[in-house]
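One structure is given below, encoded as structure tokens.
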Amino acid sequence: MQIGVLAVQGDIREHAYSLETLDHTPVFIREPEQLNDIQALVMPGGESTAMTVLMRRYCLWDALKESISNGLPVYGTCAGLVLLSRRVYNYPEQPTLRVLNVEVERNAYGSQADSFETSLKIKGLDDELFAFFIRAPIIRTWDNGVEILAEHGGTPVLVRQGNTFASSFHPELTHDLRIHKMFLESTVVRKTS
Ligand code: GLN
């Protein structure tokens, strides 16, 4: 399948590599028209403020919001989660796409030096997953329709709301492809099979 990777800033190549390893074709999304050619989209980690500026510059902001609202499956990691959220708790002026009914606190675990790795129990997976948290957001509030697929320290770190998935950690930084696979299998594959 053709799976988009939002390619304005962040760890774009790592996601593309994970998708290729799963036998999909990554499409580097920099123009709104490209959104019509993909079955799903991954939004990488990076810096959500920089990504916002660039998405607006490339006319991707409104187009992406519309595509997601029309059912395009999307998976946001870390900064991608921030962008999908309804509101940034500690930077209330920061614009977000408001398609995922959660409120996040940016950089909530501390600075770069406080980044960490840990094993997570994921709903639907037999074995634990080793996860990297890099200046990650914490999901502080969420609506009833948001399914919690993994938690760490008492707050959700992997969530799903319909076709929208988001994690505060980075599965693309390991060779473990189970989260990408779960996202694609439970959204695109189920719809097309
Ligand atoms: N701290 C970044 C932000 O809030 C996210 C970091 C990341 O994606 N690894 O945008």
Side-chain angles (χ1 to χ4, degrees), residues 3-19 26 28-30 40-58 60-61 64-65 68 73-120 122 129-142 146 149-153 155-161 164-180 182-183:
I3 310 297
V5 181
L6 179 68
V8 294
Q9 192 266 334
D11 62 344
I12 300 158
R13 290 194 180 283
E14 289 78 358
H15 276 291
Y17 180 76
S18 298
L19 294 168
F28 296 100
I29 302 292
R30 291 197 188 91
L41 177 76
V42 173
M43 296 172 69
E47 202 54 54
S48 54
T49 46
M51 289 164 84
T52 301
V53 170
L54 293 168
M55 284 167 74
R56 287 197 157 143
R57 189 172 300 166
Y58 299 153
L60 276 167
W61 188 263
L64 180 54
K65 189 172 161 71
I68 298 170
V74 61
Y75 171 32
T77 56
C78 205
L81 158 61
V82 174
L83 291 173
L84 291 170
S85 73
R86 187 174 54 205
R87 183 167 173 266
V88 184
Y89 193 74
N90 50 338
Y91 295 89
E93 304 301 316
Q94 179 173 345
T96 60
L97 292 170
R98 302 175 61 85
V99 290
L100 177 63
N101 286 330
V102 301
E103 289 191 0
V104 298
E105 180 182 343
R106 278 182 69 202
N107 306 327
Y109 295 101
S111 69
Q112 189 78 19
D114 299 307
S115 298
F116 62 97
E117 307 151 16
T118 190
S119 287
L120 298 173
I122 312 275
L129 180 118
F130 196 61
F132 289 85
F133 291 75
I134 304 170
R135 292 183 65 227
I138 288 184
I139 295 175
R140 289 294 181 199
T141 67
W142 57 95
V146 176
L149 300 173
E151 288 183 352
H152 175 72
T155 57
V157 291
L158 174 65
V159 293
R160 172 183 192 175
Q161 179 192 309
T164 303
F165 274 67
S167 64
S168 43
F169 58 91
H170 291 268
E172 75 285 4
L173 297 183
T174 67
H175 292 292
D176 194 329
L177 304 170
R178 287 179 294 165
I179 303 292
H180 290 83
M182 175 194 280
F183 161 58

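Remember, it's 1-based here, ligands and their atoms both numbered in the order they're listed.
Annotation: His152 is in aromatic contact with Phe133 [ring centroid separation under 6.0 Å].
With sequence neighbours excluded, the residues satisfying side chain to side chain contact (heavy atoms under 4.5 Å, CB included) with Arg178 are Leu125, Asp127, Leu129, Asp176. With sequence neighbours left out, the side chain to side chain contact (heavy atoms under 4.5 Å, CB included) criterion links Ser48 to Ala79, Val82, Leu83, Gln94, Arg106. Applying the salt bridge (charged side-chain N to carboxylate O under 4.0 Å, His left out) criterion to Arg98, with sequence neighbours excluded, gives no partner residue.
Checked by atom type and distance alone, the side chain of Gln161 pairs as donor or acceptor with a backbone atom of Asn101 at under 3.5 Å.
Taking the six-membered ring where tryptophan is involved, the planes of Tyr75 and His180 are perpendicular, since the angle between them exceeds 60° and thus also 30°.
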Within the protein, flag every N or O under 3.5 Å from an N or O of ligand 1, and note the pair and distance.
{"residue": "ligand 1", "atom": "1 (N)", "partner": "Asn107", "partner atom": "OD1", "Å": "2.5"}
{"residue": "ligand 1", "atom": "1 (N)", "partner": "Arg135", "partner atom": "O", "Å": "3.0"}
{"residue": "ligand 1", "atom": "4 (O)", "partner": "Arg106", "partner atom": "NE", "Å": "2.6"}
{"residue": "ligand 1", "atom": "4 (O)", "partner": "Arg106", "partner atom": "NH2", "Å": "3.4"}
{"residue": "ligand 1", "atom": "8 (O)", "partner": "Gly46", "partner atom": "N", "Å": "2.9"}
{"residue": "ligand 1", "atom": "8 (O)", "partner": "Gly46", "partner atom": "O", "Å": "3.2"}
{"residue": "ligand 1", "atom": "8 (O)", "partner": "Ala79", "partner atom": "N", "Å": "3.0"}
{"residue": "ligand 1", "atom": "9 (N)", "partner": "Ile134", "partner atom": "O", "Å": "2.9"}
{"residue": "ligand 1", "atom": "9 (N)", "partner": "His170", "partner atom": "NE2", "Å": "2.9"}
{"residue": "ligand 1", "atom": "10 (O)", "partner": "Ser48", "partner atom": "N", "Å": "2.7"}
{"residue": "ligand 1", "atom": "10 (O)", "partner": "Ser48", "partner atom": "OG", "Å": "2.8"}

